[in-house]
Amino acid sequence: MDYNQLAKEIIQAVGGKNNVNEVFHCITRLRFQLKDQSKVDVAKLKSLDKVMGTNVSGTQFQIIIGNDVPKVFDAMTEENPAWKNKSDKSTKPKTKGVKGFFSNMFDAISGVFAPILPAIAGAGLLKGFMALFVSFGWLATNTETYRILMAIGDGVFYFLPILVAVSAARKFGANMYVGLAVSAALLYPDLTALLSEGVTTHFLGLPVTSVAYAYSVIPILIAMWFMAVVERNVDKIIPSSLKLLFVPLITMFIVVPVTLIVIGPLGTFVGDGISGGINWLLNNGGLFAGLILGGAMAIIVMTGMHYAIVPFVISNLAKYGYDKFLPLTYISNMSQAGATFGVFFRSKDKKVKSLAFSTGLTALMGVTEPAMYGINIVYKRPFMASLIGGAAGGGFAMLFGVKAYVLTGNGGIPGLPGLVGDTFVYALIAMALAFVVSLIFSYIFGIDETVAISDLEETPNTVQVDETLNAPVYGEIKNIKEVSDATFADEMMGKSAAFLPTEGKLFSPVNGTIISLFKTKHAIAIKSDSGAEILLHVGIDTVKLDGEYFEAHVKTGDIVEQGDLLLTFDADKIKENYDLTTIMAVTNTNDYAAVELVGAGVTTPESQVLELRSEANNE
């Protein structure tokens with residue numbers, strides 16, 4: 001697919017780049033702020049191959065692309081770099097509580113392993129081919145060629161703590177070269193020999209537990225998090241002229257001993273415990289474990305939980321030479337492919353058939369996102385079929401003890417060498433079973449042919465919860481019709497409330513997430529926990545100040561509570577040249593049955609001013 005050409009055609013169809021004030025994207029849509037929406041050629045847009053549909057929300061013109069929207073956006077911003085910083089994908093919202101802890105943990109592990117996966121995948125695939133060649137008698141293990149190839153394939157796994165340290169240090173905001181130095185110390189040959197002698201070792205009188213750091217993951221992950229904390233605090237107390245020398249010195253002097261004395265043994269203990277629990281389930285759960293894990297694998301992947309298991313998979317491969325969890329990823333991929341081919345055979349819609357066939361082939365190659373998110377989840381029934389197929393294949397695999405022997409980085413056909421071993425035939429049968437069962441059930445379940453993919457994308461996400469918005473400022477409510485800006489006076493952005501602030505502070509009107517902080521700091525977009533999308537805009541035409549007199553106390557992705565301080569601004573300075581009227585607009589007004597002003601007069605952040613009523617509760 002030529003995304004550059006598609007980007008050019010999209011820009012031309014929306015009236016050219018001179019008609020674009022602003023463009024950013026969410027998960028599935030390009031979102032344009034256009035100077036003149038009448039210049040848009042909707043028919044032309046809908047005729048483009050990757051365009052699933054269009055939608056207008058207030059003054060925002062949306063083009064529904066689907067999973068490829070980042071690629072299309074990147075192609076557009078290649079020739080128009082000024083648009084790039086408008087993407088709202090860069091910062092992922094953080095969540096609180098137990099759910100937030102696990103979500104952030106999975107995000108951290110994903111962020112650490114994603115950059116190093118090419119090295120792991122390439123080396124792993126080489127080891128897979130070596131296993132294949134040895135099994136066929138094409139390569140002898142006692143040759144110099146084998147030893148050199150093993151150094152290429154296994155070296156990355158032996159020195160995995162170094163790769164993890166560099167990536168984790170960068171992820172946690174620490175100096176990655178200092179992280180490399182810490183990991184190198186842990187793998188230093190003389191230290192390794194000292195710890196393996198079987199005698200009691202001490203550092204400054206404190207006992208050092210014998211831990212083998214080669215091939216390990218968990219200890220270095222914890223060590224890099226600890227190093228980031230140490231480095232930040234040391235940096236605060238060291239004078240600028242001495243930072244270059246003493247921040248790394250003090251950081252390494254603290255982190256390496258603490259890792260040897262505390263973190264290493266603790267990390268190894270925790271890692272072995274969790275890995276042991278997973279292995280116990282896989283080794284003793286048999287058919288039941290396979291049914292549960294195989295059926296749930298797609299959901300595990302969707303939630304990102306599979307990233308948390310990567311360290312234990314690597315640990316199993318290093319310690320035992322095999323892993324029983326990895327085959328389930330192959331099986332899950334085959335079930336997604338099978339369900340999508342079921343749609344291909346059942347559907348009569350040419351566009352759906354074409355999409356199902358292409359994404360099904362991609363899933364067979366180990367890349368399931370297009371099939372999962374483009375077909376199976378959209379039509380729901382195929383996704384249920386994929387879970388059934390995954391359970392069938394997983395149950396068979398666990399019943400016959402299927403193993404993976406190498407982490408190839410690919411859970412599809414190209415990654416099959418990673419399964420070569422004494423259970424290879426059973427692995428192939430399990431994968432075929434997942435594919436066929438998913439295909440059959442997907443074909444039987446069918447899809448609703450009256451609903452096109454673009455129709456599903458354009459269906460409004462009607463809010464089902466009532467909500468009340470508090471005032472964002474200390475001030476006084478103003479008649480919205482008296483606002484000097486016609487866009488706000490006519491409530492083009494959605495139902496709104498206007499305020500005359502008496503203090504230079506802007507507060508959150510709800511509990512929610514900051515989904516956008518404009519670079520000029522004069523406007524903030526918030527999505528409440530109940531689904532309201534709110535735009536807070538300080539002053540009229542204050543965008544021209546380019547951030548002067550404004551100070552942001554939050555950033556995109558932050559979780560906020562009602563009454564939290566979002567912005568401070570110099571009200572007196574701004575009023576010298578601009579109207580300070582502040583607007584609170586509900587930009588997804590169409591998702592509600594009614595949005596009504598319920599407040600009047602003087603306001604504080606505790607004053608309730610807008611009442612949002614859902615359709616469900618308005619019947």
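Given the structure is predicted, the values throughout are model-derived calculations rather than measurements.
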Listed by chain and number, what are the side-chain contact (heavy atoms from CB on, under 4.5 Å) partners of Leu361, not counting sequence neighbours? Phe341, Phe357, Leu364
Judged by modelled atom types alone, do Tyr322 and Asp422 share a side-chain donor-acceptor pair under 3.5 Å? no
Distance in Å, Leu428 CG paired with Leu433 CG, rounded so as to fall on 0.5 Å steps: 12.5 Å
Applying side-chain contact (heavy atoms from CB on, under 4.5 Å) to Asp529 and not counting sequence neighbours gives Asn511
Using atom types as modelled, flag every donor-acceptor pair under 3.5 Å from a side chain in residues 174-184 to any protein atom, sequence neighbours excluded.
unit_1 : atom_1 : unit_2 : atom_2 : d
Asn175 : OD1    : Tyr177 : N      : 2.9
Asn175 : OD1    : Val178 : N      : 3.2
Ser183 : OG     : Gly179 : O      : 3.3
Ser183 : OG     : Leu180 : O      : 2.8

Show your reasoning for whether side-chain contact (heavy atoms from CB on, under 4.5 Å) applies to Ile238 and Ile250. CA-CA 10 Å; Ile238 299 296; Ile250 297 172; 3.9 Å; yes
To check you understand the geometry: which heavy-atom pair defines the closest contact between Lys521 and Leu567, and what is its length? O-CD1, 3.1 Å
For Ala552 and Leu517, the nearest pair of non-hydrogen atoms, with its separation, is CB-CD2, 3.7 Å
Can you tell me how far apart OG (Ser386) and CZ (Phe435) are? Round to the nearest 0.5 Å. 12.5 Å
List the residues meeting ring pair (Phe, Tyr, Trp, His ring centres under 6.0 Å) with Tyr158, not counting sequence neighbours, and say none if there are none. Tyr215
Identify all side-chain donor-acceptor contacts of residues 139-149 below 3.5 Å with residues at least two apart in sequence or on another chain.
unit_1 : atom_1 : unit_2 : atom_2 : d
Thr143 : OG1    : Ala140 : O      : 3.0
Thr143 : OG1    : Tyr146 : N      : 3.2

Between Phe424 and Leu419, which heavy-atom pair has the shortest distance, and what is it? CD1-O, 3.4 Å
Check: residues 389-403 side-chain donor-acceptor pairs under 3.5 Å, at least two apart:
none

Student check: side-chain heavy atoms of Val560 and Thr513 closer than 4.5 Å: no
Criterion side-chain contact (heavy atoms from CB on, under 4.5 Å) on Thr259 and Met227, from CA distance to verdict: CA-CA 10 Å; Thr259 301; Met227 190 192 87; over 6 Å; no
Hits for side-chain contact (heavy atoms from CB on, under 4.5 Å) against Thr340, two or more places apart or cross-chain, chain-then-number order -> Ala356, Thr359, Ala371, Ile375, Asn376
Would you say Leu244 has more than 12 foreign heavy atoms packed within less than 6.0 Å of its CG? no
Give me each pair satisfying salt bridge (charged side-chain N to carboxylate O under 4.0 Å, His left out) with a member in residues 233-252, each pair once, sequence neighbours excluded. Asp235-Lys243
Donor-acceptor pairs under 3.5 Å, side chain of residues 288-298 to any protein atom, not counting sequence neighbours: which ones?
none

Kindly give the heavy-atom pair with the smallest separation between Gly412 and Tyr330, and that separation in Å. O-CE2, 3.8 Å
Inter-residue atom distance Thr329.OG1 - Met334.CE, 0.5 Å rounding: 9.5 Å
Sub-4.5 Å side-chain heavy-atom contact between Glu231 and Val247: yes
CA sep, side-chain torsions, deciding dist, call: Ile526, Leu566, side-chain contact (heavy atoms from CB on, under 4.5 Å): CA-CA 11 Å; Ile526 305 175; Leu566 307 178; 3.7 Å; yes
Which value, rounded to the nearest 0.5 Å, describes the distance between Ile220 atom CD1 and Ser167 atom OG? 12.0 Å
Per the salt bridge (charged side-chain N to carboxylate O under 4.0 Å, His left out) rule, what does the pair list look like for residues 149-168, sequence neighbours excluded? Lys127-Asp154
Do the side chains of Val554 and Asp564 get nearer than 4.5 Å, heavy atoms only? no
Taken to the nearest 0.5 Å, the spacing of Phe159 CZ from Leu187 CG works out to 6.5 Å
Closest heavy-atom contact between Pro327 and Ala404? CG-N, 3.6 Å
Would you say that more than 12 heavy atoms from the other residues, nucleotides or ligands in this model lie under 6.0 Å from the CZ of Phe203, or not? yes
Could you state the interatomic distance from CG (Leu565) to CD (Glu551), rounded to the nearest 0.5 Å? 9.0 Å
Report the residues that fulfil side chain to side chain donor-acceptor pair (under 3.5 Å) with Thr568, sequence neighbours left out, ordered by chain and then residue number. His553
For Phe226, which residues count as a side-chain contact (heavy atoms from CB on, under 4.5 Å) partner, sequence neighbours excluded? Val230, Ile254, Val255, Val258, Ile263
Would you name the heavy atoms of Tyr3 and Val72 that are closest together and state the gap between them? CD2-CG2, 3.8 Å
Apply the test side-chain contact (heavy atoms from CB on, under 4.5 Å) to residues Leu30 and Phe73: give CA-CA distance (whole Å), side-chain angles for both, the deciding distance (0.1 Å), then the verdict. CA-CA 7 Å; Leu30 291 171; Phe73 181 82; 4.0 Å; yes
Decide, yes or no, whether a salt bridge links Asp74 with Lys71 under the criterion of side-chain N to carboxylate O below 4.0 Å. no
